Amino acid sequence: MSARQECYVVKDAPGKGMGMFATRDIKRGECILAEKPLVFASRDLIKTQLAINAMTELDKKSFFALHNIHFDVPTAIGIVRTNALPLGSDGVDCAVYKVMSRVNHTCAPNVHHTWNPKMKKEYLHAIEDIASGSEILTSYLEPFLVREDRMEFLRKNFKFECHCNLCAAPKPEYELYDSTVRRINIYSDLIMTSASFSPKKSIQFVREVLVLLDKIGGEGKTPFYYDGYQISAMYGDYTLAQEWANLLLDSYIMDEGKEGEKYERYLKYSKNPRSHERAGCAPRQILS
Ligand SMILES: C[S@@+](CC[C@H](N)C(=O)[O-])C[C@H]1O[C@@H](n2cnc3c(N)ncnc32)[C@H](O)[C@@H]1O
């Protein structure tokens with residue numbers, strides 16, 4: 001048994017079916033699991049059914065033992081809908097896993113899961129320190145949704161009521177969270193729209209978002225470090241670009257590890273901030 005397998009156990013998670021739990025203290029940034037899919041699936045039901053038929057008997061046994069909440073469709077399709085994780089952002093291709101599919105949801109996760117196309121495995125990294133015995137919980141949601149939208153999505157797609165600390169918080173607390181999320185979404189839109197005519201403002205919006213993120217737990221910074229880096233590199237402010245590239249690399253390693261698909265690219269940016277494909281493409285400006 002590998003060290004990775006030893007830091008978790010899959011067992012009963014009261015009120016949620018099965019779940020994944022830490023069997024020792026896990027440090028932020030640690031890779032908890034890297035797992036090959038039991039089966040690849042897609043929106044094309046015939047293709048999905050053929051892939052299920054082609055599984056080994058052992059894999060089929062693991063597959064049909066998984067949780068199913070969709071009884072209005074054939075069992076295999078219900079299992080895919082309940083358990084599949086996306087293979088990227090196109091929302092079409094996905095995969096089902098023996099272990100990874102057992103991870104339950106919270107709106108304030110302690111892990112980040114990501115598909116690595118190079119390794120053809122799904123990776124699970126701790127994004128905060130996890131104490132031995134605690135449940136390992138991911139988020140099934142797009143980032144930065146307000147409480148009502150999160151609840152609606154989970155009810156519709158996963159048929160449960162979320163009682164995580166965020167959803168069960170007193171009204172003033174979750175309203176404050178929601179208003180922070182709304183501001184993050186506004187600034188987030190402004191970052192790229194203002195980059196072409198007011199890059200200084202754009203960098204300011206990145207900084208605003210980072211401050212707001214700290215107010216709601218501090219996760220999800222990596223794409224914003226990338227924005228800061230990209231904008232600074234485009235306008236040839238390589239001192240600033242270097243700062244952002246270093247933050248980007250550190251944050252990415254915490255989220256996806258050195259095995260991550262983008263690690264080599266971000267390492268290159270951090271070693272040489274001029275190496276971005278669009279570096280220096282806009283008139284030079286000091287943005288700091
Ligand atoms: C991908 S499965 C997760 C593993 C599942 N609990 C099992 O027993 O295999 C998703 C399903 O788990 C349950 N689930 C996940 N997170 C939950 C939560 N926070 N509260 C209640 N049920 C949850 C829901 O039934 C959901 O449709």
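All values derive from a computational prediction rather than experimental measurement. Whatever order the structure lists ligands and atoms in, that order sets their numbers, starting from 1.
Taking every non-hydrogen atom of G17 and a distance limit under 4.0 Å, the qualifying atoms of ligand 1 come out as 8 (O). Numbered from 1 in the order shown, with element, the atoms of ligand 1 that lie under 4.0 Å from a heavy atom of N104 read 3 (C), 4 (C), 5 (C), 6 (N), 12 (O), 13 (C), 14 (N), 15 (C), 16 (N). Near F158, with a cut-off below 4.0 Å to any heavy atom, the atoms of ligand 1 are 24 (C), 25 (O), 26 (C), 27 (O). Listed by number with element, the atoms of ligand 1 under 4.0 Å from a non-hydrogen atom of N83 are 1 (C), 2 (S). Counting the atoms of ligand 1 from 1 in the order shown, those under 4.0 Å from a heavy atom of V103 are 3 (C). Each of the atoms 4 (C), 5 (C), 6 (N), 7 (C), 8 (O) of ligand 1 lies under 4.0 Å from some heavy atom of M18.
A 4.5 Å side-chain heavy-atom check between R24 and E6 finds every atom pair outside the cut-off. Contact check for F158 versus H105: no side-chain heavy atoms found under the 4.5 Å cut-off.
Within 6.0 Å of atom CG in N165, 12 or fewer heavy atoms from other residues, nucleotides or ligands are found, so the atom counts as exposed in its surroundings.
Residue contact check for ligand 1: R102 places a non-hydrogen atom closer than 4.0 Å to it. The shortest separation from a heavy atom of I69 to ligand 1 is under 4.0 Å, placing the residue in contact. Heavy atoms of L137 come nearer than 4.0 angstrom to ligand 1 in no pair at all.
For atom 10 (C) of ligand 1, the closest non-hydrogen atom on the protein side is Y140 OH, 3.4 Å. For atom 25 (O) of ligand 1, the nearest protein heavy atom (residue, atom name, distance) is H67 NE2, 3.3 Å. Among all non-hydrogen protein atoms, the one lying nearest atom 18 (C) of ligand 1 is F160 CE1, 3.2 Å.
Among residues two or more places apart in sequence or in another chain, the ring-ring contact (aromatic ring centres under 6.0 Å, His included) test is passed with Y187 by F205. Considering only residues two or more places apart in sequence or on other chains, D44 meets the salt bridge (Lys or Arg N to Asp or Glu O under 4.0 Å) condition with none of them.
The distance criterion of under 3.5 Å between nitrogen or oxygen atoms is met by H105 with respect to ligand 1. Distances between N or O atoms of K159 and those of ligand 1 include no value under 3.5 Å. For the pair K16 and ligand 1, the shortest N or O to N or O distance falls below 3.5 Å. Between S101 and ligand 1, no pair of N/O atoms sits closer than 3.5 Å.
Ring centroid separation for the pair Y269 and Y229 comes in under the 6.0 Å cut-off.
In summary, of the residues considered (T114, I127, V111), a side chain to side chain contact (heavy atoms under 4.5 Å, CB included) with D255 occurs for I127 alone.
The aromatic rings of H276 and Y226 are tilted relative to each other, their planes meeting at an angle between 30° and 60°.
Remark: K11 qualifies as a cation-pi partner of F21 under the 6.0 Å distance and 45° angle criteria applied to the six-membered ring.
When only modelled atom types and interatomic distance are considered, E30 and H125 share no side-chain donor-acceptor pair under 3.5 Å.
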